[in-house]
Chemist: 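Please read through the structure below; I'll follow up with questions.
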Number of protein chains: 2
Amino acid sequence: MRKPHLATANLAKIIEAVLKLSSRQGFHETSLRDLAKVSGLSMGGLYSYFDNKNTLLVMILTEVSETVEAVLRDVPDGIAETPVEHLRWLIETHIRLTEAMQPWFVFAYMEAKGFPAPARVLATESELRTERIFSDVLQRGVAQGVFAVEDVNLTAALIKPLLQDWYVKRAKYRKRGTPIQTYIDGVIGFVERAIAKK
Amino acid sequence: MRKPHLATANLAKIIEAVLKLSSRQGFHETSLRDLAKVSGLSMGGLYSYFDNKNTLLVMILTEVSETVEAVLRDVPDGIAETPVEHLRWLIETHIRLTEAMQPWFVFAYMEAKGFPAPARVLATESELRTERIFSDVLQRGVAQGVFAVEDVNLTAALIKPLLQDWYVKRAKYRKRGTPIQTYIDGVIGFVERAIAKK
DNA sequence: ATAAAAAACGAGCGCTCGCTCGATTTTCGC
DNA sequence: GCGAAAATCGAGCGAGCGCTCGTTTTTTAT
């Protein structure tokens with residue numbers, strides 16, 4: 001094992017290959033022989049970059065959850081004070097991030113379960129932290145009297161799957177020709193009407 | 001192969017076992033030896049009830065999609081005329097159905113992908129038909145002037161993941177102690193405010 | 001009670017899996 | 001240009017897979 005973090009070009013190739021193959025057939029069904037072929041390394045060569053197959057899964061899961069955390073917490077100046085704008089920014093940023101890193105997110109979402117406890121815990125906690133970011137904004141909006149939300153936690157929980165649907169069912173939206181901006185505006189409008197103080 | 005449809009007690013046991021094992025570790029990782037052990041049959045005995053492992057998957061997928069279709073189309077008298085009531089009934093019925101058949105739905109949702117094209121097509125088409133049921137009601141509500149919806153198809157697409165979240169993330173809601181009625185009311189309220197004519 | 005039919009069994013087949021390790025190739029300081 | 005160190009290779013290992021099939025057990029009819 002050379003590096004704990006993804007640095008070398010080869011590791012990048014390996015991850016690109018595992019995301020590509022897993023999206024077609026699932027992670028478990030992706031053999032290291034296929035992975036070697038697509039990444040351009042040999043069977044043995046792969047093992048210079050990770051300890052075992054599960055490590056690969058954990059690496060990707062970690063990268064995804066850290067990226068989400070980092071991006072969503074990096075709120076532009078002057079946005080965080082206004083809950084309406086902050087929420088809009090969170091929705092748009094989340095959807096655009098998952099679009100840019102779609103294979104990563106599909107992988108993390110679809111492959112997390114049925115795996116060693118540590119990996120599953122990682123995914124679960126990441127989901128909860130993201131939800132917290134949303135419920136915090138909702139809470140502030142309620143406190144400022146701009147949102148009317150009965151159950152802040154449940155509402156945050158309901159917003160989450162709206163964001164995830166874009167990458168989970170990406171094929172459906174692609175077939176329909178829905179542009180990402182239409183989807184983003186649709187979600188923002190849907191959510192804002194649902195929580196607006198009338 | 002004895003019967004094409006699930007009739008005998010043994011086939012019921014097999015399906016119960018495969019749902020149980022798959023929910024823990026995924027369908028592919030469930031070996032026929034494990035399945036034999038849990039279902040109480042022998043390796044060879046299993047093959048009296050299905051042709052091969054993939055057939056099992058298709059059987060379950062078919063059962064789920066046919067059940068959804070049948071249940072959601074069986075609208076009680078006097079409901080279908082009022083879009084608001086019809087939509088409410090659809091949401092509640094869908095969530096309660098997936099709760100009652102939770103292992104079946106989780107299986108269909110999580111295992112459909114990465115499988116032979118026919119099985120995937122089955123799942124995709126079922127999803128689309130369900131969505132049609134919702135978009136039809138929305139359309140009628142708009143026509144009657146009780147709903148204000150810009151894009152009926154997009155809105156139906158956004159309602160779907162709200163229904164699915166209850167079984168996809170069942171563990172989260174269980175840990176939180178959210179009762180199913182709270183969830184149902186939450187979704188109905190959320191959706192109704194989002195599409196209400198103001 | 002018995003024999004034919006039906007159902008259930010499980011060791012064994014061919015195959016692919018994740019992973020290893022000695023051999024080979026590439027890199028690089030001098 | 002050379003030799004040691006680093007990187008890469010891929011045949012081979014044991015394990016476990018889906019599936020088969022000759023055998024045994026159970027059921028059924030007389």
Side-chain angles (χ1 to χ4, degrees), chain A residues 1-61 107 111-112 114-119, chain B residues 1-61 107 111-112 114-119:
Chain A
M1 180 96 161
R2 237 151 287 190
K3 285 272 186 165
H5 205 256
L6 45 109
T8 57
N10 276 343
L11 188 47
K13 273 185 193 162
I14 292 172
I15 289 184
E16 184 190 5
V18 77
L19 291 176
K20 178 179 178 180
L21 291 169
S22 297
S23 75
R24 286 204 225 291
Q25 49 193 141
F27 180 70
H28 289 296
E29 291 63 49
T30 298
S31 73
L32 292 180
R33 282 163 185 82
D34 286 346
L35 188 55
K37 212 173 295 172
V38 173
S39 67
L41 276 84
S42 65
M43 283 291 292
L46 293 179
Y47 279 83
S48 303
Y49 296 96
F50 52 78
D51 292 339
N52 54 62
K53 211 186 164 194
N54 282 343
T55 309
L56 251 181
L57 181 106
V58 174
M59 278 167 130
I60 297 178
L61 247 50
F107 184 91
E111 309 293 352
F115 250 101
Chain B
M1 182 91 163
R2 236 151 291 190
K3 286 268 185 170
H5 207 254
L6 46 109
T8 57
N10 276 342
L11 186 47
K13 273 186 192 161
I14 292 172
I15 289 185
E16 184 190 3
V18 76
L19 290 176
K20 178 179 177 180
L21 290 169
S22 297
S23 77
R24 286 204 226 291
Q25 49 193 148
F27 180 71
H28 287 295
E29 291 62 49
T30 297
S31 73
L32 292 180
R33 283 162 185 82
D34 286 346
L35 187 55
K37 213 173 291 171
V38 173
S39 68
L41 277 83
S42 66
M43 282 292 291
L46 293 179
Y47 279 83
S48 304
Y49 297 96
F50 52 79
D51 293 339
N52 56 63
K53 211 187 164 194
N54 281 344
T55 308
L56 251 181
L57 181 107
V58 174
M59 280 166 129
I60 298 178
L61 245 50
F107 183 91
E111 309 292 351
F115 249 102

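All heavy atoms count here, side chains included; hydrogens, waters and symmetry mates do not. Letters A, B, ... are given to chains in the order of the sequence lines, protein chains preceding strands, and every chain is numbered from 1.
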Chemist: Looking at five pairs on each end of the helix from C:dA1-D:dT30 to C:dG29-D:dC2, what is the angle between the two axes, given to 10 degrees?
Modeler: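 Inter-axis angle at the ends, rounded: 10°.
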
Chemist: Atom CG of B:Asn10 and atom OG of B:Ser48: how far apart are they, to the nearest 0.5 Å?
Modeler: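 Rounded to the nearest 0.5 Å, the CG-OG separation comes out at 9.0 Å.
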
Chemist: Can you tell me how far P of C:dA6 sits from CG of B:Asn10, to the nearest Å?
Modeler: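 The distance from CG of B:Asn10 to P of C:dA6 comes to 17 Å, rounded to the nearest Å.
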
Chemist: Which nucleotide wins on minimum distance to the side chain of B:Met43, given the candidates C:dC9, C:dC19, D:dC19?
Modeler: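 Nucleotide nearest to B:Met43's side chain: D:dC19.
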
Chemist: To the nearest Å, how far apart are A:Leu35 CG and C:dT16 P?
Modeler: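 Nearest whole value for this atom pair: 18 Å.
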
Chemist: Would you mind reading off the distance between B:Lys13 atom NZ and C:dA8 atom P, rounded to a whole angstrom?
Modeler: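 Result: 10 Å.
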
Chemist: Could you go through B:Glu16 and B:Lys20, starting from their C-alpha distance and side-chain angles, then the distance that decides it, and tell me whether this counts as side chain to side chain contact (heavy atoms under 4.5 Å, CB included)?
Modeler: CA-CA 6 Å; B:Glu16 184 190 3; B:Lys20 178 179 177 180; 5.7 Å; no

Chemist: Write down the distance between CG (A:Leu32) and P (D:dG10), rounded to a whole number of angstrom.
Modeler: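 About 15 Å, once rounded to whole Å.
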
Chemist: Is the shortest heavy-atom distance from the side chain of A:Glu111 to the side chain of A:Ile60 under 4.5 Å?
Modeler: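 No, too far: nothing below the 4.5 Å cut-off.
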
Chemist: Do you know the tightest heavy-atom contact between A:Thr30 and A:Gly26?
Modeler: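 Residues A:Thr30 and A:Gly26, closest heavy atoms: OG1-O, 2.8 Å.
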
Chemist: Which listed nucleotide (C:dA8, D:dC17, C:dG18) is nearest to the side chain of A:Ser31?
Modeler: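 Among C:dA8, D:dC17, C:dG18, the one nearest the side chain of A:Ser31 is C:dG18.
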
Chemist: B:Asn52 CG to D:dT20 C1': how many Å, rounded?
Modeler: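 It is 13 Å, rounded to the nearest whole Å.
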
Chemist: What is the separation between atom CG on A:Leu41 and atom P on D:dG10, rounded to the nearest whole Å?
Modeler: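 Roughly 11 Å, once rounded to whole Å.
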
Chemist: Drop me the distance from B:Ile15's CD1 to B:Leu11's CG, to the nearest 0.5 angstrom.
Modeler: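 The CD1 atom of B:Ile15 sits 4.5 Å away from the CG atom of B:Leu11.
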
Chemist: Specify the separation, in whole Å, of atom CZ of B:Phe50 and atom C1' of C:dA7.
Modeler: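 Taking atom C1' of C:dA7 as the reference, CZ of B:Phe50 is at 15 Å.
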
Chemist: So, is B:Tyr49 close to the C:dA8 phosphate, meaning a side-chain N or O under 4.0 Å from OP1 or OP2?
Modeler: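 Answer is yes, contact under 4.0 Å.
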
Chemist: Please say whether the positively charged group of A:Lys53, taken as NZ for Lys or CZ for Arg, lies over the ring of A:Phe27, i.e. under 6.0 angstrom from the six-membered ring centre and within 45 degrees of the axis.
Modeler: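 Pair A:Lys53/A:Phe27 counts as cation-pi.
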
Chemist: D:dG18 base to B:Arg33 side chain: any donor-acceptor pair below 3.5 Å?
Modeler: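 For B:Arg33, whose side chain was compared with the base of D:dG18, there is a donor-acceptor pair (under 3.5 Å).
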
Chemist: Hey, does B:Tyr49 have a side-chain heavy atom less than 4.5 Å from the side chain of B:Leu56?
Modeler: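 They are not in contact (no side-chain heavy atoms under 4.5 Å apart), so the answer is no.
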
Chemist: How close or far is atom C1' of C:dT16 from atom CD of A:Glu29, stated in whole angstroms?
Modeler: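 In whole Å, C:dT16 C1' and A:Glu29 CD are 13 Å from each other.
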
Chemist: Please pick, from D:dT8, C:dG10, D:dT20, the nucleotide with the shortest atom-to-atom distance to any side-chain atom of A:Ser42.
Modeler: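 Looking only at heavy atoms from C-beta outward on A:Ser42, the closest nucleotide is D:dT8.
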
